[in-house]
Amino acid sequence: MDKDVKILAIESSCDETSAAVVVNGRKVLSNIISSQIAIHTKFGGVVPEVASRKHIEVISEVVEQALKEAEVSFEDIDAIGVTYGPGLVGALLVGVQYAKGLAYSLGKPLVGVNHIEGHISANFIEYEDLKPPFVCLVVSGGHTFIVHMKDYGDFEVMGQTRDDAAGEAYDKVARAIGLGYPGGPKIDKLSKEGNENAIKFPRANFHEESLDFSFSGVKSAVLNYLNKMEMKKEEINRADVAASFQKAVVDFLVSNAMKACIIKKVDKIAIAGGVASNSALRKSMIDAGTKRNINVLFPEPVLCTDNAAMIGSAAYFEYIKGVTAPLDFNAVPNLKLGER
Ligand code: KG4
Ligand code: ZN
């Protein structure tokens, strides 16, 4: 394609309202993120009804700002991309309806984007020469997957969590040790002051060949440990708990991710999703990758957590294949990876 393709992308699947303008799936002209974290912190987690209302309140302004910062007008846009699943249905609907209205009134094509594919695509922004095939570890608040991306839009799920997502486990453990929401970044920070070998939290054991995860066991082990210490009236070292929990999670993620690279004989692995900004995970993945000559890729933190730029990238690769949304396009809260 000779002409540059500019996508206006919209993301509203959880607690961030975001709009971005992305050129050719790789170059970000703007990426405006309006976070609701401060609102949901009061409740210790995302309240779906509140999230939908807040999306409605800010979406027009967020889109306007994205165009302004990119110095483009609606006329300059080639297509509109929007997350249509997976996510909270009421939250998704705000973005989907808004994008549908825009596309219809402007006479521009609309592209529906799978949120998880969006997370993976953040790596195309960070690494402008990156092309499939590669293995990707997707670790967010709602999802944990090991995926083989064979081609654009072509995914094989190699492993996934059987219970809690990695980010969910971080958030739950953070709450238990009084760190508040969202817990991931707080555990990441506190762990730096703790001893990761202080407490041995067990990890789930599956069949040797399985690349699946389970994090509810380690979460329960932390809760049991805290209860036991409280009953014995012994002092709890929160930094040691955070660091030891983090080690159990990171070891599990890294060991399965490396197994997946060996199975697929790939020399690069990308990490994606909110937990991909975790400093211990990044370090441990790089160490393990270096030993095996596997290049470890990850987007800058702002592209790891929910944002519309990653949606603009994924939308571009669909758009150039000619995939656009049908007239009955709707939100699909439980949309599976690779599903259309
Ligand atoms: O990808 P994301 O923004 O939303 C979902 O699609 O779920 O991920 C949010 C999750 C939260 O669970 C948050 O605690 C976690 O990512 N997270 C982190 C870090 N930063 C965000 N977890 C561990 N370490 C971090 N530095
Ligand atoms: Zn996400």
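If you're wondering where the values come from, they're calculated on a predicted model, not measured in any experiment. Order of appearance sets the numbers: ligands from 1, and atoms from 1 within every ligand.
Each of the atoms 1 (O), 6 (O) of ligand 1 lies under 4.0 Å from some heavy atom of His119. Distances below 4.0 Å separate heavy atoms of Gly142 from the following atoms of ligand 1: 7 (O). Near Ser277, with a cut-off below 4.0 Å to any heavy atom, the atoms of ligand 1 are 19 (C), 20 (N), 26 (N). Listed by number with element, the atoms of ligand 1 under 4.0 angstrom from any heavy atom of Thr305 are 3 (O). Numbered from 1 in the order shown, with element, the atoms of ligand 1 that lie under 4.0 Å from a heavy atom of Gly167 read 12 (O).
At least one donor-acceptor pair under 3.5 Å links the side chain of Ser244 to the backbone N or O of Ile199. A donor-acceptor pair under 3.5 Å is formed between the side chain of Ser105 and the backbone N or O of Leu102. Of the possible polar contacts, one joining the Glu11 side chain to the Ser13 backbone as a donor-acceptor pair under 3.5 Å is found.
Checking Cys304, Gly183, Gly274 against atom 21 (C) of ligand 1, the nearest heavy atom belongs to Gly274.
Here Tyr170 and Phe245 bring their ring centres to under 6.0 angstrom of each other. Ring-centre distance between Tyr181 and Phe43: not below the 6.0 Å cut-off. Between Tyr152 and Phe124, the ring centre distance stays below 6.0 Å.
Closest protein heavy atom to atom 3 (O) of ligand 1: Asp306 N, 3.0 Å. Of all protein heavy atoms, the one lying nearest to atom 22 (N) of ligand 1 is Gly184 CA, 3.2 Å. The shortest contact between atom 12 (O) of ligand 1 and any protein heavy atom is with Asp171 OD2, 2.7 Å. Looking at atom 24 (N) of ligand 1, its nearest protein heavy atom turns out to be Asn278 ND2, 2.9 Å. Among protein heavy atoms, the minimum distance from atom 26 (N) of ligand 1 is reached at Asp188 OD2, 2.9 Å. Nearest protein neighbour of atom 15 (C) of ligand 1, counting heavy atoms only, is Val275 CG2, 4.0 Å. The single protein non-hydrogen atom nearest to atom 7 (O) of ligand 1 is Gly141 N, 2.8 Å, given as residue, atom name and distance.
Heavy atoms of Cys14 stay at 4.0 angstrom or farther from ligand 1. The shell of residues lying under 4.0 angstrom from ligand 1, judged by heavy atoms, excludes Gln246. At least one heavy atom of His115 sits closer than 4.0 Å to an atom of ligand 1.
Remark: ligand 1 and Gly273 share no N or O pair separated by less than 3.5 Å (distance only, no angle test). Residue contacts with ligand 1: Glu16 is placed with no nitrogen or oxygen under 3.5 Å of a nitrogen or oxygen of the ligand (distance criterion only). Considering backbone and side-chain atoms alike, Pro182 places every N or O at 3.5 Å or more from each N or O of ligand 1.
Salt-bridge annotation for Asp164 and Lys172: present, with a side-chain N of the basic residue lying under 4.0 Å from a carboxylate O of the acidic one.
Relative orientation of the His143 and His115 rings is tilted, given thresholds of 30° and 60° on the angle between their planes. In this structure, Phe206 and Phe252 have tilted ring planes: the angle between them lies in the 30° to 60° band.
Looking at Thr17 and Gln36, their side chains come closer than 4.5 Å, going by heavy atoms from C-beta outward. Within the 4.5 Å cutoff, the side chain of Arg238 has heavy atoms near those of the Ile177 side chain. Taking the side chain as every heavy atom from C-beta outward, Leu179 and Ile187 approach each other to under 4.5 Å. Ile10 places none of its side-chain heavy atoms less than 4.5 Å from the side chain of Thr83.
A donor-acceptor contact closer than 3.5 angstrom links the side chains of Ser214 and Asp163.
If you run side chain to side chain contact (heavy atoms under 4.5 Å, CB included) between Thr144 and each of Asn256, Asp212, Leu253, Val138, only Leu253 comes through.
Taking distances strictly below 2.8 Å, the protein N/O/S atoms close to the Zn ion (ligand 2) are His115 NE2, His119 NE2, Asp306 OD1.
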